[in-house]
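Worksheet: one structure, shown below.
Excluded from the calculations below are hydrogen atoms, water molecules and symmetry mates; all remaining heavy atoms, backbone and side chain alike, are included. Every chain is numbered from 1, with letters handed out A, B, ... down the list of sequences. Everything numeric in this text was worked out from a predicted model, so none of it was measured.
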Number of protein chains: 2
Amino acid sequence: MLIPIQQVAKQIGISVRTLRYYDQIGLLPTMAKTEGGHRLYTEEDLKKLQQILFLKEMGFRLDDIKQMLQKQDWNWASSLKSQLAYVQKEQERLRSMELSLRELISGVAVDGAENVVALQKLIRLSGQDKAKQIAFKSALLNDKELDLWQRLPHMNAADPHSMEWIALLAQVKQVMVEGTSSPKVQSIIRRMCEKMDEQFGDEPEFLDKLWELRKSPASSEQLGFYPIEQNVIAFLDEAFAFYDANTTAVQRKGEAAP
Amino acid sequence: MLIPIQQVAKQIGISVRTLRYYDQIGLLPTMAKTEGGHRLYTEEDLKKLQQILFLKEMGFRLDDIKQMLQKQDWNWASSLKSQLAYVQKEQERLRSMELSLRELISGVAVDGAENVVALQKLIRLSGQDKAKQIAFKSALLNDKELDLWQRLPHMNAADPHSMEWIALLAQVKQVMVEGTSSPKVQSIIRRMCEKMDEQFGDEPEFLDKLWELRKSPASSEQLGFYPIEQNVIAFLDEAFAFYDANTTAVQRKGEAAP
DNA sequence: TATACAAAATGACGCAGCGTCACTTTCAAG
DNA sequence: CTTGAAAGTGACGCTGCGTCATTTTGTATA
């Protein structure tokens with residue numbers, strides 16, 4: 001009925017070192033020993049060990065587990081609930097980490113991975129006080145526009161729309177040198193216009209307003225837009241203008257249809 | 001333009017010790033010093049510090065951050081993605097921890113918080129191989145019944161139905177001594193029947209089958225039911241029988257209506 | 001300019017939960 | 001009795017600092 005340490009380790013799936021450590025800190029002291037001093041474990045010990053491992057998986061610290069199993073009048077409800085609260089907080093933290101990571105990944109995709117530029121931008125973005133952003137937004141936009149705001153892609157690589165925008169932006173940067181009228185550029189611009197139409201075709205004034213805000217670096221930063229270099233923005237503006245001028249049925253800005 | 005260490009600490013919101021540590025490990029070495037050896041930080045240093053802190057919030061380790069900022073040709077995309085994967089794994093782990101904690105909390109609510117009984121049960125529950133449970137279930141139940149299975153409460157304290165079942169069970173245990181025919185017991189039984197009717201009134205045979213499985217400790221464990229002591233189950237069985245017998249319009253089991 | 005007091009520096013220990021040597025002793029089989 | 005595996009003890013290492021303890025430096029005042 002007495003089991004040597006290595007069998008216990010194999011059976012339960014932990015290391016011998018761990019068992020010795022648990023003995024050492026008094027978490028699972030070995031009652032039985034051979035004359036030579038080798039540890040021997042009873043069935044009781046195994047049960048207790050399972051409890052310990054279970055509680056460890058719940059995220060409790062060994063010290064707390066020791067107390068829990070020692071004191072027979074331990075307040076389980078209280079410590080379980082506080083542990084639950086802790087676990088929930090951690091989840092929240094990880095969720096925000098995931099969000100930031102996705103933004104960063106998107107940023108790298110746009111700017112190219114060579115330098116730390118994207119990082120710098122994103123740091124400014126994330127360092128921004130969210131409350132301030134919201135206040136600034138509310139001051140600039142009316143209720144309907146705040147509602148439309150939700151339709152904007154949010155630089156989140158999980159959203160396929162965002163992903164395409166990111167890809168398009170990155171492509172523009174690649175072929176900028178060819179000039180606004182180049183077929184490659186104009187093809188990208190056309191796709192961008194299509195996408196804008198898809199999502200905001202019914203609200204052309206909102207689109208214009210957004211684009212004006214985009215052109216102001218200060219506003220863009222305040223609003224938490226992903227920062228695009230000024231020269232890229234200027235290039236896009238020209239390219240859009242060229243596109244409008246050369247499209248027979250001018251429709252994009254809804255200014256006037258022939 | 002050179003800022004003493006404490007101002008940096010206050011401005012950025014970290015400790016002086018941290019700054020010295022970052023210097024020590026070469027993460028943010030101080031270029032400028034006074035003749036006496038006091039550290040002085042430049043604007044450059046501040047920027048780098050912000051990057052460091054941002055990456056630390058993303059969950060990177062200081063050692064990795066050092067590499068990232070040193071090597072100018074760092075593969076950002078790759079490390080960001082692997083970090084994202086890690087964060088997602090952690091979230092998964094925390095989710096399962098939360099689930100187990102909720103189960104444990106419910107268990108304590110049923111069994112009373114004095115002893116370690118609930119813990120023992122839950123350990124068996126969680127130690128079970130999920131795959132085995134599913135196989136066992138599939139062998140016992142047909143397709144429609146597997147579908148009905150979803151309606152069962154799952155000992156999750158977040159679900160109000162589960163919460164009431166837990167509360168009712170705990171109440172029964174409290175007043176068991178008064179006998180199956182006691183008004184208190186019968187009142188609880190009535191409520192239980194109502195709830196069963198609510199959720200499974202249309203499938204009385206399924207209810208009977210479940211109850212039979214419940215009465216077998218082995219099956220219950222295999223199915224991952226929350227373990228209820230045999231005496232409590234027997235008591236409930238008798239109490240249900242008494243309730244059926246004394247209800248004029250026998251309806252519960254749908255065996256036959258007058 | 002001497003003095004006092006704040007701020008900075010260095011050095012060391014501690015924390016959680018073991019992994020990983022290094023070295024010695026015990027156990028069980030032949 | 002030998003031998004090799006298994007077990008024992010002890011110590012250091014890891015992460016990212018917090019927290020003393022002790023010594024120097026910087027700066028403002030008397």
Side-chain angles (χ1 to χ4, degrees), chain A residues 2-42 45 48-49 51-69 79 83 86-87 90 93 97, chain B residues 2-42 45 48-69 83 86-87 90 93 97:
Chain A
L2 294 174
I3 315 165
I5 195 167
Q6 200 168 41
Q7 272 200 33
V8 176
K10 271 187 200 162
Q11 195 174 323
I12 307 289
I14 60 179
S15 76
V16 171
R17 173 70 173 101
T18 299
L19 284 168
R20 279 202 278 259
Y21 180 64
Y22 287 176
D23 187 4
Q24 184 184 327
I25 64 174
L27 178 57
L28 185 68
T30 32
M31 307 314 190
K33 292 202 174 186
T34 69
E35 1 169 330
H38 285 197
R39 278 167 260 256
L40 294 173
Y41 291 85
T42 66
D45 290 336
K48 189 170 174 186
L49 180 54
Q51 296 180 3
I52 290 170
L53 295 179
F54 179 78
L55 290 171
K56 193 157 79 72
E57 268 186 43
M58 302 293 92
F60 287 102
R61 290 178 321 174
L62 299 189
D63 202 24
D64 294 336
I65 298 179
K66 190 173 162 189
Q67 305 296 321
M68 294 181 191
L69 298 185
S79 46
Q83 184 64 14
Y86 166 74
V87 166
E90 278 296 291
R93 205 172 62 90
M97 282 169 57
Chain B
L2 294 174
I3 314 166
I5 194 169
Q6 199 168 41
Q7 271 200 34
V8 176
K10 272 187 201 165
Q11 195 175 323
I12 307 288
I14 60 178
S15 76
V16 171
R17 172 71 173 101
T18 299
L19 284 168
R20 278 202 279 260
Y21 180 65
Y22 288 174
D23 186 4
Q24 183 185 327
I25 64 174
L27 178 57
L28 184 69
T30 33
M31 307 313 190
K33 293 202 175 189
T34 68
E35 358 167 332
H38 285 197
R39 276 167 261 255
L40 294 173
Y41 291 86
T42 66
D45 291 335
K48 189 170 174 188
L49 180 54
Q50 301 238 7
Q51 296 180 4
I52 291 170
L53 295 179
F54 179 78
L55 290 171
K56 192 158 78 73
E57 267 186 44
M58 301 295 91
F60 288 102
R61 290 178 322 170
L62 297 189
D63 201 25
D64 295 334
I65 297 178
K66 190 173 162 188
Q67 305 296 321
M68 295 182 191
L69 299 184
Q83 183 65 14
Y86 167 74
V87 165
E90 277 297 291
R93 204 172 63 89
M97 281 170 57

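Counting atom types as modelled, B/Arg17 pairs a side-chain N or O with a base atom of D/dT19 as donor and acceptor under 3.5 Å.
Residue B/Ser15 places no side-chain N or O under 4.0 Å from the OP1 or OP2 atom of D/dC17.
Side-chain atoms of A/Arg61 lie closest to C/dG17 of the nucleotides C/dG17, D/dG26, D/dA7. For A/Tyr21, the side-chain atoms get nearest to C/dC18 when compared with the rest of C/dC18, D/dT9, D/dC17. Nearest to the side-chain atoms of B/Arg39 among the listed nucleotides D/dG8, C/dA9, D/dG16 stands C/dA9.
Between the CG atom in A/Leu19 and the CD1 atom in A/Ile14 there is a gap of 4.0 Å [rounded to 0.5 Å].
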Output, in order, the C-alpha distance, side-chain angles, deciding distance and verdict of side chain to side chain contact (heavy atoms under 4.5 Å, CB included) for A/Thr42 and A/Leu2. CA-CA 5 Å; A/Thr42 66; A/Leu2 294 174; 3.5 Å; yes
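Using a 4.5 Å heavy-atom cutoff, the side chains of A/Leu62 and A/Lys56 are in contact.
Checked by atom type and distance alone, the side chain of B/Gln51 never pairs as donor or acceptor with a backbone atom of B/Leu69 at under 3.5 Å.
Sequence order on DNA chain C of the closest nucleotides to A/Asp63 and B/Gln7 puts B/Gln7 first from the 5' end. Between B/Tyr22 and A/Arg20, the residue anchored nearer the 5' end of DNA chain D, judged by the nucleotide with its closest heavy atom, is A/Arg20. Mapping B/Val16 and A/Val16 onto DNA chain C via the closest heavy atom, the residue that lands nearer the 5' end is B/Val16.
Remark: P of D/dG8 and CD of A/Glu35 are 14 Å apart, rounded to the nearest angstrom. In this structure, NE2 of A/His38 is placed 11 Å from C1' of D/dA5, rounded to the nearest angstrom. Going from atom OH of B/Tyr41 over to atom P of C/dA9 covers 7 Å, rounded to whole Å.
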